[in-house]
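Take this structure first; my questions come after.
By convention in this document, chain letters (A, B, ...) are assigned in the order of the sequence lines, proteins followed by strands, and residues within each chain are numbered from 1.
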Protein chains: 2
Amino acid sequence: MDNTQQHIQLLINHINQDVSLDEYAINKLSSFLVFNELNKKEFLIKPGETANSMNFIVQGCMRSYYLDENAQEHTLQLGIEEWWINDLYSYLSRKQSRMYVQALEKTLLIQLPRLELEKLYIEVPEISHFFRIKIQNAYVAVQERVIDSMSDDAYERYDNFRKAYRDIEQRVPQYIIASYLGVTPEFLSYLRKKHS
Amino acid sequence: MDNTQQHIQLLINHINQDVSLDEYAINKLSSFLVFNELNKKEFLIKPGETANSMNFIVQGCMRSYYLDENAQEHTLQLGIEEWWINDLYSYLSRKQSRMYVQALEKTLLIQLPRLELEKLYIEVPEISHFFRIKIQNAYVAVQERVIDSMSDDAYERYDNFRKAYRDIEQRVPQYIIASYLGVTPEFLSYLRKKHS
DNA sequence: ACCGGTTCTTAAGATACCTTAAGTTTTTTC
DNA sequence: GAAAAAACTTAAGGTATCTTAAGAACCGGT
């Protein structure tokens with residue numbers, strides 16, 4: 001089995017955790033996968049572009065963030081191997097993104113273009129079901145983020161972050177974690193010292 | 001046309017803004033609508049319960065909120081006539097809610113029970129399409145709320161709130177708006193004075 | 001192995017927001 | 001329409017977080 005086949009198998013196994021794909025479904029799906037390799041700091045999506053694929057991380061680490069009026073970065077989502085990364089808002093609404101989606105390490109993606117994916121939904125209901133679950137989970141995750149961001153003790157938020165992103169914490173710079181938590185890097189540094 | 005028919009018409013017209021319902025769809029839909037009248041301060045959903053219907057506000061005003069560890073209220077969503085109100089997280093995931101969904105005025109709802117609605121999805125794809133759009137919009141709204149809650153100038157958040165909820169602002173007490181913005185009622189009062 | 005850039009820390013002074021408490025206004029109830 | 005309850009305001013003192021600035025530690029490339 002070559003590398004490409006291994007990567008596709010990773011995706012299939014991932015999907016099979018939620019639904020059951022038969023031979024036919026796997027072949028159909030495999031036929032339109034697109035591989036995309038990004039270097040560190042390279043962008044998958046920039047403001048003004050429209051997200052038109054679902055993106056599965058085979059290897060590497062990515063984040064989505066946006067810039068506020070003061071050019072401050074706000075990280076919304078992080079992802080590593082076997083996570084999906086996107087601007088789901090842009091993908092679903094087909095409107096222009098206001099986000100950057102960026103590789104934090106050299107990253108290998110499998111992409112599923114929207115138009116072909118939507119055709120596949122009709123032929124393979126399991127795939128439709130799978131992404132319905134994913135979108136539902138994304139909704140839940142954003143809702144939890146709202147709730148979390150309201151608990152205004154920053155250290156508690158940092159603690160929650162570490163629980164939710166256990167495997168990711170060590171892989172991303174702290175200024176990005178700070179921008180995820182909504183505090184300055186200086187203050188995060190202060191908190192870490194205080195609680196150590 | 002009696003009151004009940006008028007209320008149903010309001011719902012039909014609302015749905016027809018996004019999709020096109022034919023006679024058959026309207027009849028099917030009408031056959032399982034449930035009316036529910038709530039008094040001021042009465043709860044539609046409480047923590048531990050599971051949301052099992054979509055809820056359309058015919059007349060009145062509602063909100064969803066949760067209590068944090070310090071028993072502080074955090075308002076997540078507000079709604080008036082022709083809005084939908086729910087704990088969508090609980091509805092979609094079929095898990096227990098952690099929310100209160102409460103009437104802020106005497107409120108009349110039309111409810112669409114989940115099980116019957118899902119059967120209808122198969123017979124009437126327009127209805128399925130309509131709720132897909134609604135859930136998509138809900139995702140976008142929550143995402144905007146995350147982004148908004150990161151702009152940490154509270155007056156700016158208040159300003160955004162007033163734009164997003166223009167018709168609602170006058171109808172709900174300010175301590176609820178404060179709990180939506182994540183500030184104390186005292187501080188909101190201070191901000192209002194300062195900027196007036 | 002070094003150099004230049006990136007990331008992290010420390011600390012002092014400033015500001016936004018909170019807590020408490022009390023008084024005032026508005027709304028609800030009987 | 002009076003009494004009770006709920007909501008809003010004001011102000012003083014406290015705390016969390018920010019800003020700025022500077023130095024320290026940790027890279028990544030040649």
Side-chain angles (χ1 to χ4, degrees), chain A residues 38-42 60-61 63 65 67-75 78 100 102-107 148-162 168-196, chain B residues 38-42 60-61 63 65 67-75 78 100 102-107 148-162 168-196:
Chain A
L38 299 171
N39 287 318
K40 187 169 177 173
K41 301 203 175 173
E42 202 177 331
C61 182
R63 70 156 168 164
Y65 69 96
L67 296 181
D68 69 16
E69 327 74 65
N70 308 315
Q72 293 282 356
E73 291 182 3
H74 294 277
T75 298
L78 293 166
Y100 294 89
Q102 182 190 37
L104 298 178
E105 306 170 359
K106 186 168 188 173
T107 297
D148 192 53
S149 74
M150 283 178 156
S151 115
D152 47 20
D153 178 342
Y155 188 75
E156 197 175 314
R157 257 146 54 213
Y158 177 52
D159 227 45
N160 289 342
F161 170 83
R162 298 210 291 187
I168 296 190
E169 193 199 347
Q170 297 79 5
R171 274 169 83 168
V172 309
Q174 275 177 36
Y175 78 89
I176 288 182
I177 298 178
S179 87
Y180 180 97
L181 297 174
V183 297
T184 58
E186 293 86 354
F187 189 59
L188 179 56
S189 179
Y190 163 78
L191 286 178
R192 282 160 53 81
K193 187 183 183 194
K194 188 171 134 197
H195 287 85
S196 63
Chain B
L38 299 170
N39 286 318
K40 186 168 179 174
K41 302 204 173 171
E42 201 176 331
C61 182
R63 69 155 169 166
Y65 70 95
L67 296 181
D68 69 16
E69 328 72 66
N70 308 315
Q72 294 282 355
E73 289 181 4
H74 295 276
T75 298
L78 292 166
Y100 294 88
Q102 183 191 37
L104 298 176
E105 304 171 359
K106 187 170 188 173
T107 298
D148 192 53
S149 74
M150 281 178 160
S151 115
D152 45 20
D153 178 344
Y155 188 74
E156 198 176 312
R157 257 149 51 215
Y158 178 51
D159 226 45
N160 290 342
F161 170 83
R162 297 208 292 187
I168 296 190
E169 192 200 347
Q170 297 78 4
R171 275 169 83 168
V172 309
Q174 275 175 35
Y175 77 89
I176 288 181
I177 298 178
S179 86
Y180 180 97
L181 298 174
V183 297
T184 57
E186 292 86 354
F187 189 60
L188 178 56
S189 179
Y190 163 79
L191 287 177
R192 282 161 54 82
K193 188 183 182 192
K194 188 171 133 197
H195 288 85
S196 66

Residues in salt bridge (charged side-chain N to carboxylate O under 4.0 Å, His left out) contact with A:Arg63, at least two apart in sequence or another chain: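 Result, salt bridge (charged side-chain N to carboxylate O under 4.0 Å, His left out) vs A:Arg63: A:Glu73.
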Inter-residue atom distance B:Tyr175.OH - B:Glu186.CD, 0.5 Å rounding: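 Output value for this atom pair is 13.5 Å.
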Rounded distance in Å - CG (A:Asn70) to P (D:dT19):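 Taking CG of A:Asn70 and P of D:dT19, I get 8 Å after rounding.
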Value in whole Å for how far the P atom of C:dA16 lies from CG of B:Leu188: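 Taking CG of B:Leu188 and P of C:dA16, I get 16 Å after rounding.
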Spatial distance of atom NZ (B:Lys106) from atom CG (B:Leu38) [nearest 0.5 Å]: 10.5 Å
Between D:dT17 (P) and B:Met150 (CE): distance, integer Å: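 After rounding, the gap between these two atoms is 15 Å.
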Side chain A:Thr75, main chain A:Ser179, donor-acceptor under 3.5 Å: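 Checking the backbone N and O of A:Ser179 against the side chain of A:Thr75, no donor-acceptor pair under 3.5 Å is found.
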B:Asn70 side chain vs B:Gln72 backbone, donor-acceptor pair below 3.5 Å: no
Write out a two-atom table: protein N or O, nucleotide N or O from nucleotides 10-16 of chain D, distance below 3.5 Å.
none

Rounded (10°) bend between the five-pair end axes of the helix from C:dA1-D:dT30 to C:dC30-D:dG1: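 End-to-end axis angle for the helix from C:dA1-D:dT30 to C:dC30-D:dG1: 60°, rounded to 10°.
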Neighbours of DNA chain C within residues 172-181 of chain A, by heavy-atom distance under 4.0 Å: A:Pro173, A:Gln174, A:Tyr175
Whole-Å gap separating C1' (C:dA16) and CD (B:Glu156):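 That distance rounds to 14 Å.
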Main-chain N/O of B:Gly60 paired with B:Arg171 side-chain donor or acceptor, under 3.5 Å: yes
Rounded distance (Å) that lies between atom C1' of D:dG28 and atom CD of A:Glu105: 15 Å
Residue pair A:Ser149 / B:Ser149: nearest heavy atoms and the distance that separates them: OG-OG, 3.5 Å
B:Tyr190 atom OH, neighbour heavy-atom count above 12 within 6.0 Å: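 Atom OH in B:Tyr190 is not packed in, count stays at 12 or less.
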Could you go over nucleotides 27-30 of chain C and give all protein N or O partners under 3.5 Å, atom names and distances?
residue, atom, partner, partner atom, Å
C:dT28, OP1, B:Lys40, NZ, 2.6

Side-chain N or O of B:Thr184 closer than 4.0 Å to phosphate OP1/OP2 of C:dC18: yes
Main-chain N/O of B:Cys61 paired with B:Thr107 side-chain donor or acceptor, under 3.5 Å: yes
Ionic contact status for A:Lys40 with A:Glu105, cut-off 4.0 Å: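 No salt bridge links A:Glu105 with A:Lys40.
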Spacing of CG belonging to A:Leu181 relative to CG belonging to A:Asn160, to within rounding of 0.5 Å: 9.5 Å
d(CG, A:Leu104; P, C:dT6) in whole Å: 15 Å
For B:Ala103 against B:Asn39, the heavy-atom pair lying closest together: CB-O, 3.5 Å
All ring pair (Phe, Tyr, Trp, His ring centres under 6.0 Å) counterparts of A:Phe161, not counting sequence neighbours: A:Tyr165, A:Tyr180
Separation of atom CG in A:Leu191 from atom P in C:dT10, rounded to whole Å: 12 Å
Test item: side-chain donor near acceptor, A:Arg192 and A:Tyr158, under 3.5 Å: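 Present: a donor and an acceptor within the cut-off.
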Integer-rounded Å distance: D:dA7 P and B:Glu169 CD: 17 Å
